[in-house]
2 protein chains.
Amino acid sequence: MTAATSAPADPHGPAARPRRRAGRPAAAVLDQNGITSAALQLIGKSGYDGFTMAALARTLNVAPSALYNHVSSKRDVLVLVQDHLTSFVDVTAFEAGDWEQAVRDWAWSYRDVFSKHTPLIPVIAVLPVADAPKTLAMYEAVSAGFSRAGFPQERIVPAIVAIESFIFGSAYDVTAPADIFDSGTMAASTPHFTAAVQRLAEEGHEKPADVAFRLGLEALLAGLGALRAA
Amino acid sequence: MTAATSAPADPHGPAARPRRRAGRPAAAVLDQNGITSAALQLIGKSGYDGFTMAALARTLNVAPSALYNHVSSKRDVLVLVQDHLTSFVDVTAFEAGDWEQAVRDWAWSYRDVFSKHTPLIPVIAVLPVADAPKTLAMYEAVSAGFSRAGFPQERIVPAIVAIESFIFGSAYDVTAPADIFDSGTMAASTPHFTAAVQRLAEEGHEKPADVAFRLGLEALLAGLGALRAA
DNA sequence: ACCACTAAATGAATGACGTTCATTTAGAAT
DNA sequence: ATTCTAAATGAACGTCATTCATTTAGTGGT
């Protein structure tokens, strides 16, 4: 309110805001944890389209500009969300024995988590691990499992990156429309492809994205597993 | 030829086919081909950040609103660009003999094309093939190669999807910063991962993204190749 | 108790950007 | 000559992320 310069009052704010009042250096209304979980909740409710800085601020009962005291950009919030989500990825099987099964469990849960958050993939894929501590912790658990399974040191990171790349691509695939391979009017000019699509549709009762993911993952497991020391 | 995405106008009935309608002005300053190549040029010069509808219109000496007579949204333009780029992907090796080498050539060129256009990946990954004729043509060539190589029909599409998912993820990887795996201050708490990263850096002279891509692709080739009929 | 310091919140302003719309323009068809 | 219509125009609009001057209220030092 421009004219309020001389009006010290406004004792209750616009609409009896909860007792949370403004600014002090110590205990804050806002912090990165609060922002992260509010963001996650908002995304769950409104999707990534409804996820705006203004909407996020509203769920926190705060002005949009207040967010910028705790994050430097919207991308920053996405990074926080991404790192938080990574803690839902299951790496427990790497502590136990079987490498193949551990990778399977990890890969499926990783894909399942991020198939609901594909807008984060461009962020994750190029994010320095130092900016995402939980993600780094995941890499540590996975690396340890690969090491224990007899992988040569210099192949561990490339193998993980390869599997991860497959996972990211596959996460998109989960969100594809069911009729994505419908050739429509051009079916006649693409006989091999059209036949293959048709055949798949006849055979499969499982979701196509799952069939492709299983096929690729098992192929990767077989191919990469051969690198392990006997 | 490239009757791409959505028809611009079609103010009459649903099935109003390419039927001749009454008078139309001849001086078509703009069309989808022109828009596509201008877009590609603009993206090459200014990147995807500089790629705005206003900038695109400017390179075409046209008002931004004029674009909407030929495309229905910015996403539409991206679809046109994506389909055009797909024609740069090399599928020629599928006509010749060796399946493994054909997939190798295809996959590397596919990755190389789209690693410079990662903002298109979320678009490609969920785009119905009917909206992208050149992409459909690529699938036909690849499917034919898989079929000729002895793949069982119902595995062809899942295998292609799996490889493609790997390619999309790997395309992002190409654009990752060189220090993406630098654990920074947390190196001490992630010994296995840090050691693996270090070891890779010592060994490798090739670009890390290329090492990972080759490793994953060869694993996929080995694993998927086993599906072929003997 | 006072005071200076400063983190945190506010609300208004800014500048992009995608997109819409009423209107105009100019070939083509009758 | 008149009519029809796709295509172009320029001025909006609404939505965002982000910035900035200003205000507020704990904290630590004296």
Side-chain angles (χ1 to χ4, degrees), chain A residues 1-15 17-35 38-39 42 46-79 119 123, chain B residues 6-13 16 18-35 38-39 42-43 46-79 119 123:
Chain A
M1 45 190 61
T2 34
T5 24
S6 59
D10 191 30
H12 302 308
R17 185 153 288 163
R19 312 240 330 265
R20 345 251 37 166
R21 297 288 289 170
R24 72 273 196 235
V29 172
L30 240 41
D31 66 358
Q32 288 200 336
N33 283 339
I35 290 175
L42 176 59
S46 313
Y48 280 88
D49 283 348
F51 176 60
T52 67
M53 294 300 272
L56 178 57
R58 195 170 335 113
T59 73
L60 289 161
N61 286 315
V62 133
S65 53
L67 296 169
Y68 289 86
N69 287 317
H70 305 272
V71 297
S72 66
S73 66
K74 182 178 183 178
R75 191 194 131 97
D76 244 50
V77 181
L78 293 178
V79 168
V123 176
Chain B
S6 51
D10 191 22
H12 272 74
R19 218 58 185 107
R20 254 314 150 72
R21 299 227 126 255
R24 66 151 102 101
V29 175
L30 238 42
D31 66 359
Q32 289 198 337
N33 283 337
I35 290 176
L42 175 60
I43 289 165
S46 315
Y48 280 87
D49 283 348
F51 176 59
T52 67
M53 293 301 270
L56 178 56
R58 197 171 331 114
T59 73
L60 288 162
N61 285 314
V62 135
S65 55
L67 296 170
Y68 289 85
N69 288 317
H70 304 272
V71 297
S72 66
S73 66
K74 182 179 184 178
R75 191 191 131 97
D76 245 49
V77 181
L78 293 178
V79 169
V123 176

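Sequence lines set the chain letters: A, B, ... in the order given, protein chains first and strands last, and positions in each chain run from 1. The model shown is predicted, which means the values in this text are computed figures rather than measured ones.
Rounding to whole angstrom units, OH of residue Y68(B) and C1' of dC21(C) are separated by 13 Å. Here dT15(D) presents its P atom at 11 Å from CZ of R58(A), a figure rounded to the nearest Å. Look at OH on Y48(A): it is 18 Å from C1' on dC16(D), rounded to the nearest Å. Between L67(A) atom CG and dA9(C) atom P the separation is 9 Å, expressed in whole Å. In this structure, CD1 of I35(A) is placed 10 Å from P of dA8(C), rounded to the nearest angstrom. Distance L56(B) CG to dG18(C) C1': 12 Å, rounded to the nearest Å. Rounded to an integer number of Å, the gap from M53(B) CE to dC17(C) P is 13 Å. Atom CG of N61(B) is separated from atom P of dA8(D) by 12 Å (rounded to the nearest Å).
Contact of N69(B) with dA6(D) (side chain to base): no donor-acceptor pair of N or O atoms is detected under 3.5 Å.
Side-chain contact between L67(A) and L60(A) is present, with heavy atoms from C-beta onward closer than 4.5 Å. Looking at L56(B) and K74(B), their side chains never come closer than 4.5 Å, going by heavy atoms from C-beta outward.
For H70(A) and dA9(C), the shortest distance from a side-chain N or O to OP1 or OP2 is below 4.0 Å.
Set against dT19(C), dT18(D), dC20(D), the side chain of K74(B) has dT19(C) as its closest nucleotide.
Mapping D49(A) and S72(A) onto DNA chain D by nearest heavy atom places D49(A) closer to the 5' end of the strand.
Residue contacts for T52(A): at a heavy-atom cut-off of 4.0 Å it reaches the sugar-phosphate backbone alone, with no base atom in range.
Between A38(B) and T59(B), the shortest heavy-atom distance links the atoms CB-OG1, 4.0 Å. Here the shortest heavy-atom pairing between H70(A) and I35(A) reads CB-CD1, 3.7 Å.
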